[in-house]
Trainee: 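Before we start, here is the structure in question, set down as structure tokens.
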Amino acid sequence: MHREEVILVNEEDAPIGTMEKMEAHRKAVLHRAFSVFIFNSKGEMLLQQRAGDKYHSPGLWTNACCSHPRPGEDTLAAACRRLREELGFTTSLEKLFDFTYRSEFDNGLTEFEFDHVFVGYYDDEDIHPNAAEVSDYRYCSLEEIKEGLAVHPDNYTSWFHLAFPLVREKMATTRKG
């Protein structure tokens with residue numbers, strides 16, 4: 001297995017070094033990440049259910065994909081790469097906003113991430129999830145997701161609880177027409 005490095009950053013997202021991914025999560029060191037949110041023309045959001053053997057949050061529903069850019073890799077390029085690797089398709093993405101969050105897990109790992117949030121649109125039915133990453137996927141209305149987060153909060157990843165309201169608000173204020 002290859003050693004996967006993440007980019008360590010300060011609070012302004014300036015790179016300050018690199019660290020092996022699991023070590024960064026064990027030590028709760030701030031590092032660069034990204035989250036991709038995909039919508040269809042009906043305004044529904046694509047959710048993925050994380051594979052059952054993921055190192056944290058297995059089986060939980062979340063946004064289309066999340067990951068970390070590699071050292072030296074552009075964050076937008078990394079987001080496009082991971083979307084293709086996890087769900088088997090590509091579409092143009094644009095930066096929506098960024099935010100920092102910290103989430104601790106029962107297994108001793110902590111996500112402490114400067115998260116770049118990207119949005120894209122995709123209407124094609126041609127989605128091919130990577131079984132090592134994704135166990136299921138579906139499009140849901142924003143109201144369905146809001147209700148699901150309220151009624152069944154344990155079915156969703158911790159970062160999705162934080163990012164979804166921000167994305168929903170930003171999309172509402174930037175929506176044209």
Side-chain angles (χ1 to χ4, degrees), residues 7 9-14 30-50 54 56-57 59-69 73-105 110-129 133-177:
I7 302 165
V9 296
N10 65 18
E11 293 77 15
E12 286 78 44
D13 193 40
L30 184 61
H31 57 281
R32 186 175 294 158
F34 58 82
S35 297
V36 176
F37 288 78
I38 299 294
F39 293 87
N40 64 18
S41 58
K42 295 186 231 170
E44 297 169 324
M45 183 185 288
L46 178 61
L47 298 181
Q48 69 147 279
Q49 185 177 32
R50 289 169 61 86
K54 294 293 284 182
H56 70 72
S57 309
L60 298 184
W61 289 92
T62 197
N63 50 291
C65 82
C66 294
S67 192
H68 311 91
E73 184 179 28
D74 176 77
T75 306
L76 174 58
C80 292
R81 172 181 55 81
R82 283 305 291 173
L83 183 61
R84 186 179 63 254
E85 290 171 358
E86 290 191 25
L87 291 169
F89 71 88
T90 59
T91 189
S92 62
L93 301 175
E94 64 184 52
K95 176 89 170 268
L96 198 57
F97 62 90
D98 48 54
F99 75 111
T100 301
Y101 76 92
R102 183 183 174 111
S103 187
E104 296 178 13
F105 301 101
T110 299
E111 290 277 13
F112 186 26
E113 299 188 333
F114 190 101
D115 195 21
H116 296 254
V117 178
F118 295 95
V119 64
Y121 299 90
Y122 190 73
D123 273 317
D124 200 321
E125 295 294 317
D126 199 25
I127 298 174
H128 303 282
E133 301 287 340
V134 179
S135 62
D136 199 4
Y137 69 92
R138 66 178 186 237
Y139 278 100
C140 292
S141 75
L142 299 185
E143 280 306 311
E144 286 174 303
I145 295 169
K146 183 179 172 189
E147 183 177 321
L149 286 167
V151 176
H152 301 289
D154 293 346
N155 291 351
Y156 297 86
T157 62
S158 59
W159 64 87
F160 189 71
H161 279 273
L162 301 171
F164 174 75
L166 300 173
V167 169
R168 187 170 186 239
E169 178 184 331
K170 189 65 105 170
M171 294 298 290
T173 60
T174 59
R175 194 169 289 138
K176 308 283 188 288

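Nothing here was measured: the structure is a model prediction, and the numbers come from that model.
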Trainee: Can we say E144 and R138 salt-bridge, meaning some charged N sits less than 4.0 Å from an Asp/Glu carboxylate O?
Mentor: no
Trainee: Is there a side chain to side chain contact (heavy atoms under 4.5 Å, CB included) between Y137 and L47 once you walk through the steps?
Mentor: CA-CA 6 Å; Y137 69 92; L47 298 181; over 6 Å; no
Trainee: Just how far is it from atom CZ of F99 to atom CG of L162, taken to the nearest 0.5 Å?
Mentor: 5.5 Å
Trainee: Start with the C-alpha gap between S135 and Q49, add the side-chain angles, then the distance that decides, and say whether side chain to side chain donor-acceptor pair (under 3.5 Å) holds.
Mentor: CA-CA 6 Å; S135 62; Q49 185 177 32; 3.3 Å; yes
Trainee: Around atom NZ of K95, are there more than 12 heavy atoms from other residues, nucleotides or ligands closer than 6.0 Å?
Mentor: yes
Trainee: Please name the pair of heavy atoms, one in A79 and one in C65, separated by the smallest distance, quoted to 0.1 Å.
Mentor: O-SG, 4.3 Å
Trainee: Are the side chains of S41 and Y121 in contact, using a 4.5 Å heavy-atom criterion?
Mentor: no
Trainee: Would you call L87 and V134 a side-chain contact if the rule is heavy atoms closer than 4.5 Å?
Mentor: yes
Trainee: Hey, does F118 have a side-chain heavy atom less than 4.5 Å from the side chain of T75?
Mentor: yes
Trainee: For the pair R50 and E133, find out whether any cationic side-chain nitrogen is under 4.0 Å from an anionic carboxylate oxygen.
Mentor: no
Trainee: Are the side chains of S158 and F160 in contact, using a 4.5 Å heavy-atom criterion?
Mentor: no
Trainee: Rounded to the nearest 0.5 Å, how far apart are CD of E12 and CG of N10?
Mentor: 5.0 Å
Trainee: Could you tell me if R102 sits above the aromatic ring of F112, with its cationic atom closer than 6.0 Å to the ring centre and no more than 45 degrees from the axis?
Mentor: yes
Trainee: Taking side chain as C-beta onward, heavy atoms only, is L93 less than 4.5 Å from L76?
Mentor: yes
Trainee: Salt bridge (Lys or Arg N to Asp or Glu O under 4.0 Å) between E86 and R81: does it pass, once the steps are laid out?
Mentor: CA-CA 9 Å; E86 290 191 25; R81 172 181 55 81; over 6 Å; no
Trainee: M45 and M171: side chain to side chain contact (heavy atoms under 4.5 Å, CB included), yes or no, with the steps?
Mentor: CA-CA 11 Å; M45 183 185 288; M171 294 298 290; over 6 Å; no
Trainee: Out of the candidates V36, T62, L60, I38, only one should pair with Q48 under the side chain to side chain contact (heavy atoms under 4.5 Å, CB included) rule; please name it.
Mentor: T62
Trainee: Which label fits F114 and H116: parallel for a plane angle under 30°, tilted from 30 to 60°, or perpendicular past 60°?
Mentor: tilted
Trainee: In Å, rounded to the nearest 0.5 Å, how long is the span from CZ of F37 to NZ of K170?
Mentor: 13.5 Å
Trainee: How close do S57 and T157 get, counting heavy atoms only, and between which atoms?
Mentor: CB-CG2, 4.0 Å
Trainee: More than 12 foreign heavy atoms under 6.0 Å from CD of E85: is that the case here?
Mentor: yes
Trainee: Are side-chain N/O atoms of E104 and T110 paired as donor and acceptor at under 3.5 Å?
Mentor: no
Trainee: Quick check for you: to the nearest 0.5 Å, what is the distance between C140 atom SG and K146 atom NZ?
Mentor: 15.5 Å
Trainee: Has the side chain of D115 got a donor or acceptor atom that lies under 3.5 Å from a matching backbone atom of S35?
Mentor: yes
Trainee: Any side-chain heavy atom of V117 sitting closer than 4.5 Å to one from V167?
Mentor: yes
Trainee: Can you name the closest pair of heavy atoms from P153 and A150 and give their distance?
Mentor: CD-O, 3.7 Å
Trainee: Identify the residue among L46, D123, L142 that makes a side chain to side chain contact (heavy atoms under 4.5 Å, CB included) with F39.
Mentor: L142
Trainee: Do F89 and Y122 have their ring centres less than 6.0 Å from each other?
Mentor: yes
Trainee: How long is the straight-line distance from SG of C66 back to CZ of F34, given to the nearest 0.5 Å?
Mentor: 8.0 Å
Trainee: Please determine, by modelled atom types, if E113 and Y101 share a side-chain donor-acceptor pair under 3.5 angstrom.
Mentor: yes
Trainee: If you round to the nearest 0.5 Å, how far is CH2 of W159 from CZ of F164?
Mentor: 16.0 Å
Trainee: If we only count heavy atoms from C-beta on, is the L83 to T91 side-chain gap below 4.5 Å?
Mentor: yes
Trainee: Just by distance, no angles: are the side chains of D154 and H152 close enough, under 3.5 Å, to form a donor-acceptor pair?
Mentor: no
Trainee: Are E11 and T100 packed together at the side-chain level, in the sense that at least one heavy-atom pair is separated by less than 4.5 angstrom?
Mentor: no
